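Because only heavy atoms are used, hydrogens play no part in the values below, and waters and symmetry mates are left out as well, while side chains stay in. All values reported here derive from a predicted model rather than from experimental measurement.
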Number of protein chains: 2
Amino acid sequence: MSPEMERAHQALRELVSLRSGGTVRDSRRAYEVWVEQFPLPAETVVAEWEFGEWVRTPSSAADRVVLYLHGGAYRMGSPATHRTLMAHVATAAQAAVAFADYPLAPEDPFPAAVDFARDAYVSLLDRFPANRVAVAGESAGGGLGVALLLRLKDEGLPLPAAVAVNSPWMDLACGGDSMALRAYRDPMLSRDSLLAAAGEYLAGESPLNAYASPIHGDLTGLPPLLVQVGTEEILYDDAVALAAKADARLIVVPDAPHVWHYFSAWLPEARDALRAMGDHILAATR
Amino acid sequence: MSPEMERAHQALRELVSLRSGGTVRDSRRAYEVWVEQFPLPAETVVAEWEFGEWVRTPSSAADRVVLYLHGGAYRMGSPATHRTLMAHVATAAQAAVAFADYPLAPEDPFPAAVDFARDAYVSLLDRFPANRVAVAGESAGGGLGVALLLRLKDEGLPLPAAVAVNSPWMDLACGGDSMALRAYRDPMLSRDSLLAAAGEYLAGESPLNAYASPIHGDLTGLPPLLVQVGTEEILYDDAVALAAKADARLIVVPDAPHVWHYFSAWLPEARDALRAMGDHILAATR
């Protein structure tokens, strides 16, 4: 493992350590403090959006948008935790990023996040043709993005032109073999912590509900989908299963931990992941 | 499946049809005729090399080289079948391509190809530092490339800086589940035809020999390795097993058949594959 990749593992261990112990409010705040090590790139323009915020860079085309759905196990994540990453996504995809600040559990359990993502997406269709809209996300937000696609299909709404997810959480029952097989390699997530977060989010709903665990949905007929995952993730099987069922392009990144794309400041594989995401979106929205 | 991807499947069915029936000499000739549909890009410079030929384009740096090992089940393939593809590889990797015209079965069975690849690689080290040398290949040539790495490790020779293989044939016993599971989706290869070619190549040697079936070798400590494979391949499991054992970057391309990267003239996924190969080589040989 390269020193940079080892540093990514260490940074995630620190994040887990910072977040442990306190209330969910403490965890959210600790996440925001941790992320301050990644400063916002110069010339990033941030603006209010009724569903979150806009993030644009000098590379952002006026007529291309990425609806981004953040991770955080449906209980954390905010504009503050993701603004720098959104700037990198905006540059990679040559697009405006519409960051969805969706409601979190335990205050707002399922299906609040799905409803919110649906409404945020539909609002974008007032301003952009669907063939210039992409959906992207990571971890819980990757699962939420695929759940959004299922919802759009069910409602007969226009689908986005491209979807790109990193380290998606597709199965809230956490049934993948990698939950055990990669447990000792994953510096960040544990099955127990995921199941605890799933319990709060589901609030009694079945984890088999495809809007919560979209691996159980009909994943045919989706737009071009790019799935990226690290080998050091208990969510590895979630990504591989999604790629197989949705006929997606899959990129497996050796040694990478969960959401390694955060570390583009110093991790080459993170820059690769952002470039792959951007290229995928660009190719489908030109 | 896109019309372009369907065309790739059709083109491979035609190749199989053209090659079937005659002697191995007829098959080789049919392959060369089939490939004439892909004209050499303008400004390609081809020169003799004692182990095959050099292919350069205006993008080729003077001090970076890709040793390319072609496919053809160890019984076909020549400069004529690969010159156009080599020009695209040269451009993508910004390198000279050293195309290895290794001896073929049945005339020259195992280990002639491995010995030849080893000697060709060593000769490149007289002209390039190892950190500017990459090895690439497809199908049988992908397996041969990994076998070459095992040989270099065993001899204590300097390894190349990067390796990139598409649709590699890693197991000459053809034991992967995809041999059956994807048999009806693969427009080109069948387990029977692969086993027949393996028999001629092995000429009595065990398919468990790691220089013939490198999936059985010690795949730790290799240079950065990129593996690309299509979902419509009976060799799918060969690629996935290689990526897992060698801790490689894996790209799975939906709907793509065997050696889809041949079709960059009109297939976007082929251009993607060449770009990924080139980017991977560039990142490791700068």
Test V253(B) against R249(A) for side-chain contact (heavy atoms from CB on, under 4.5 Å), laying out the working first.
CA-CA 5 Å; V253(B) 182; R249(A) 182 175 176 86; 3.6 Å; yes

Just one of I251(B), L226(B), L250(B) clears the side chain to side chain contact (heavy atoms under 4.5 Å, CB included) bar with I251(A), so which one?
I251(B)

NE2/H280(A) to CG/D272(B) distance, rounded to the nearest 0.5 angstrom?
10.0 Å

Which region of A248(A), side chain (C-beta onward) or backbone (N, CA, C, O), has a non-hydrogen atom less than 4.5 Å from a non-hydrogen atom of chain B, or is it both or neither?
backbone

